[in-house]
Amino acid sequence: AGQAEEAAPWRHVRAAFEHSKKAGVREYLRVRSRAGDDGRLEIEKAGPQGSAMLSVLAASEGLVCLGESVTEVAPGMLLPYRSYAELLWE
């Protein structure tokens with residue numbers, strides 16, 4: 001009793017998109033998942049990533065975290081991913 005539960009770790013999932021960002025800034029992208037041609041899970045951006053894009057939030061299934069050192073995402077890169085279900089009901 002009284003012990004805090006550890007949050008589940010972010011799992012690494014293959015990107016199916018390209019993205020560029022500035023170094024030194026952490027960025028969270030709204031994404032959705034799908035099965036790739038080989039049947040493995042991959043993620044794609046859910047749409048434009050502006051902060052006022054509520055329709056994209058509704059269409060997305062989770063988040064990808066791009067760390068401060070990441071400046072480019074290329075298809076096939078493994079990225080840290082959490083579904084909203086994992087974030088809200090862990």
Contact summary for [X] and [Y], nearest pair of heavy atoms:
X	Y	result
A74	A15	O-CB, 3.9 Å
L63	W10	O-CZ3, 3.5 Å
A46	S60	CB-CB, 3.7 Å
G47	V56	N-CG1, 3.9 Å

- Query: Looking only at atom types and distance, does a side-chain atom of K21 sit under 3.5 Å from a main-chain N or O of E27, one as donor and one as acceptor?
  - Reply: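 Flag not set: sc K21 to bb E27 has no pair under 3.5 Å.
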- Backbone N or O of P80 within a donor-acceptor pair of the R11 side chain at under 3.5 Å?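 Between the backbone of P80 and the side chain of R11 there is no qualifying donor-acceptor contact (under 3.5 Å).
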- Query: So L29 and H19, side chain to side chain contact (heavy atoms under 4.5 Å, CB included) or not? Walk me through it.
  - Reply: CA-CA 10 Å; L29 301 178; H19 184 78; 3.8 Å; yes
The criterion is side-chain contact (heavy atoms from CB on, under 4.5 Å); which residues satisfy it with [X], sequence neighbours excluded?
X	result
S33	L41, I43, E61, Y81
E18	P75
D37	none

- Message: Strictly by salt bridge (charged side-chain N to carboxylate O under 4.0 Å, His left out), give each pair with a member in residues 38-48 just once, sequence neighbours left out.
- Response: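 Passing the test, one end in residues 38-48: R14-D38, R14-E42, R32-E44, R34-E42, R34-E44, D38-R40.
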- Message: Using the side-chain hydrogen bond (donor to acceptor under 3.5 Å, both in side chains) criterion, which residues pair with Y28? Sequence neighbours excluded.
- Response: none
- Item | Set of side-chain hydrogen bond (donor to acceptor under 3.5 Å, both in side chains) partners for S20, sequence neighbours left out |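 Here the qualifying residues are E72.
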- Quick one: do V13 and L78 satisfy side chain to side chain contact (heavy atoms under 4.5 Å, CB included)? Show the steps, please. CA-CA 5 Å; V13 178; L78 294 177; 6.0 Å; no
- Task: Report yes or no: do V70 and V31 belong to one cluster of Ile/Leu/Val/Met/Phe/Trp/Tyr joined by side chain heavy-atom distances under 4.5 Å?
- Result: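 Hydrophobic grouping puts V70 with V31.
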- Query: Which ILVMFWY residues can you reach from V25 by hopping between side chains whose heavy atoms are under 4.5 Å apart?
  - Reply: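 V25 shares its hydrophobic cluster with no other residue.
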